[in-house]
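Notes for the one structure printed next.
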Amino acid sequence: MATAAQVIANRANAQLSTGPRTAEGQQASSSNAKSHGLTSRSAFVPGEDPQEYELFHHAHTARYLPQDMIEQKMVSELADLEWRLRRVSEFEAQLFNVEYRKLTTDVELLPLVAGLDSPSQILAVAFKRLVESRALPNLHHQEARLARRAEKLERFLCGDARFFRPTVHVLQRTREEEQPAPALNSEDRKNEPKPAASQPDFKVVAKAVPYVKPYEPGRNKPCLCGSGLKFKRCCLNKLE
């Protein structure tokens with residue numbers, strides 16, 4: 001257990017290493033742990049062209065033509081996902097280049113490629129080392145995750161689901177536009193039928209309502225029918 005003197009000394013030392021104090025230093029230190037930017041909060045990373053990034057976003061907006069703020073958010077997210085995915089092939093090539101350079105220049109790694117003549121054989125050894133170090137699988141895992149999300153967004157923005165909403169039929173009172181009636185002579189006025197009692201004009205229109213998914217218990221929860229069995233052994237098979 002630390003003594004009182006050690007606690008006081010530790011607190012005094014902690015005050016000497018509080019990190020960067022200026023805004024520029026804090027901004028720089030916030031990116032120290034950033035390696036590839038595939039999972040970072042911001043899709044744009046230092047070293048990339050900000051004008052190209054803006055043009056990339058404008059191109060997506062012009063293509064999908066968002067109709068409201070929600071669709072605009074989805075289009076912006078899709079642009080960020082595809083912007084991140086552009087880095088994957090470059091990162092993969094750089095991983096192989098770095099590993100190839102290590103195998104051909106590092107004295108400790110030269111025995112691994114001893115007797116190999118062609119560059120393709122050395123690249124095969126580099127591929128094995130990248131797989132064993134989990135660097136390449138992690139990169140492909142992030143690529144698949146981003147691609148799945150981008151595919152879902154693109155399917156919605158390009159499909160009929162974008163324009164479809166669950167609807168119900170309701171009665172809504174409508175008024176017909178008033179139009180000037182043609183002038184009638186005395187004979188026409190006599191033969192004109194008497195107007196019926198004024199009644200409101202109704203017509204059936206479609207109104208969008210939110211879709212609520214019906215509740216289903218978990219597979220191992222008691223069934224709602226009251227049989228005392230688990231849901232998976234009772235009504236789950238009936239629903240299927």
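As the structure is a computational prediction, the values presented were derived from the model and not from experiment. What's counted below: heavy atoms across the whole structure, side chains too, no hydrogens, waters or symmetry copies.
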Answer yes or no: are there more than 12 heavy-atom neighbours, outside Glu132 itself, under 6.0 Å from its atom CD? yes

Carefully, step by step, assess Asp80 and His57 under the rule side-chain contact (heavy atoms from CB on, under 4.5 Å). CA-CA 8 Å; Asp80 285 344; His57 268 259; 2.8 Å; yes

Using the side-chain contact (heavy atoms from CB on, under 4.5 Å) rule, take Leu95 and Glu99 through it: C-alpha gap first, then chi angles, then the decisive distance, then the call. CA-CA 6 Å; Leu95 284 174; Glu99 195 65 26; over 6 Å; no

Does the plane of the ring in Tyr53 sit parallel, tilted or perpendicular to the ring in Trp83? Use 30° and 60° as the thresholds. perpendicular

How many angstroms lie between CD1 in Ile122 and CG in Leu109, if you round to the nearest 0.5 Å? 12.0 Å

Kindly compute the distance separating CG (Leu55) from NE2 (His60), expressed to the nearest 0.5 Å. 12.5 Å

When you measure from the side chain of Glu90 to the backbone N and O of Arg87, does any donor-acceptor pair fall under 3.5 Å? no

Given 3.5 Å as the limit, does a donor-acceptor pair link the side chain of Gln67 with the main chain of Leu65, or not? yes

Does the ring of Phe56 carry Arg86 above it, NZ/CZ under 6.0 angstrom from centre and within 45° of its axis? yes

Same cluster or not: are Leu157 and Ile70 linked, directly or through other Ile, Leu, Val, Met, Phe, Trp or Tyr residues, by side-chain heavy atoms under 4.5 angstrom apart? yes

Does Lys128 NZ have over 12 foreign heavy atoms under 6.0 Å away? no

Hey, could you give me the CG/CZ distance between Leu139 and Arg134, rounded to the nearest 0.5 Å? 12.0 Å

side-chain contact (heavy atoms from CB on, under 4.5 Å) evaluation trace for Thr61 with Gln72: CA-CA 8 Å; Thr61 303; Gln72 178 62 50; 3.9 Å; yes

Run through Pro222, Cys225, Cys223 and flag the one making a side chain to side chain contact (heavy atoms under 4.5 Å, CB included) with Phe231. Cys223

Could you tell me whether a side-chain N or O of Gln142 sits under 3.5 Å from a main-chain N or O of Asn138, the two making a donor and an acceptor? no

Do other residues, nucleotides or ligands put more than 12 heavy atoms under 6.0 Å from the CZ atom of Phe127? no

pair Lys102-Val98: side-chain heavy atoms closer than 4.5 Å: yes

From Glu71 CD over to Asp68 CG, what is the distance, rounded to the nearest 0.5 angstrom? 4.5 Å

Is the side chain of Ser133 donor-acceptor paired with the backbone N or O of Arg129 at a distance under 3.5 Å, no angle test? yes

Measuring only between side-chain heavy atoms, which start at C-beta, is Glu82 closer than 4.5 Å to Glu154? yes

Is any side-chain heavy atom of Arg101 closer than 4.5 Å to one of Asp106? no

Rounded distance [0.5 Å steps], NZ in Lys230 versus CG in Asn220: 4.5 Å

Atom CZ of Arg63 and atom CG of Leu78: how far apart are they, to the nearest 0.5 Å? 8.0 Å

Worked verdict on Arg148 versus Glu143 for salt bridge (Lys or Arg N to Asp or Glu O under 4.0 Å): CA-CA 9 Å; Arg148 285 195 301 268; Glu143 179 187 16; over 6 Å; no

Compare every heavy atom of Cys234 with every heavy atom of Leu229, then report the nearest pair and how far apart it is. CB-CB, 4.2 Å

Check Leu103 against Leu110 and note the closest heavy-atom contact, atom names and distance. O-CD2, 3.4 Å

Could you please spell out the steps behind the side-chain contact (heavy atoms from CB on, under 4.5 Å) verdict for Phe96 and Leu136? CA-CA 9 Å; Phe96 276 100; Leu136 199 59; 4.2 Å; yes

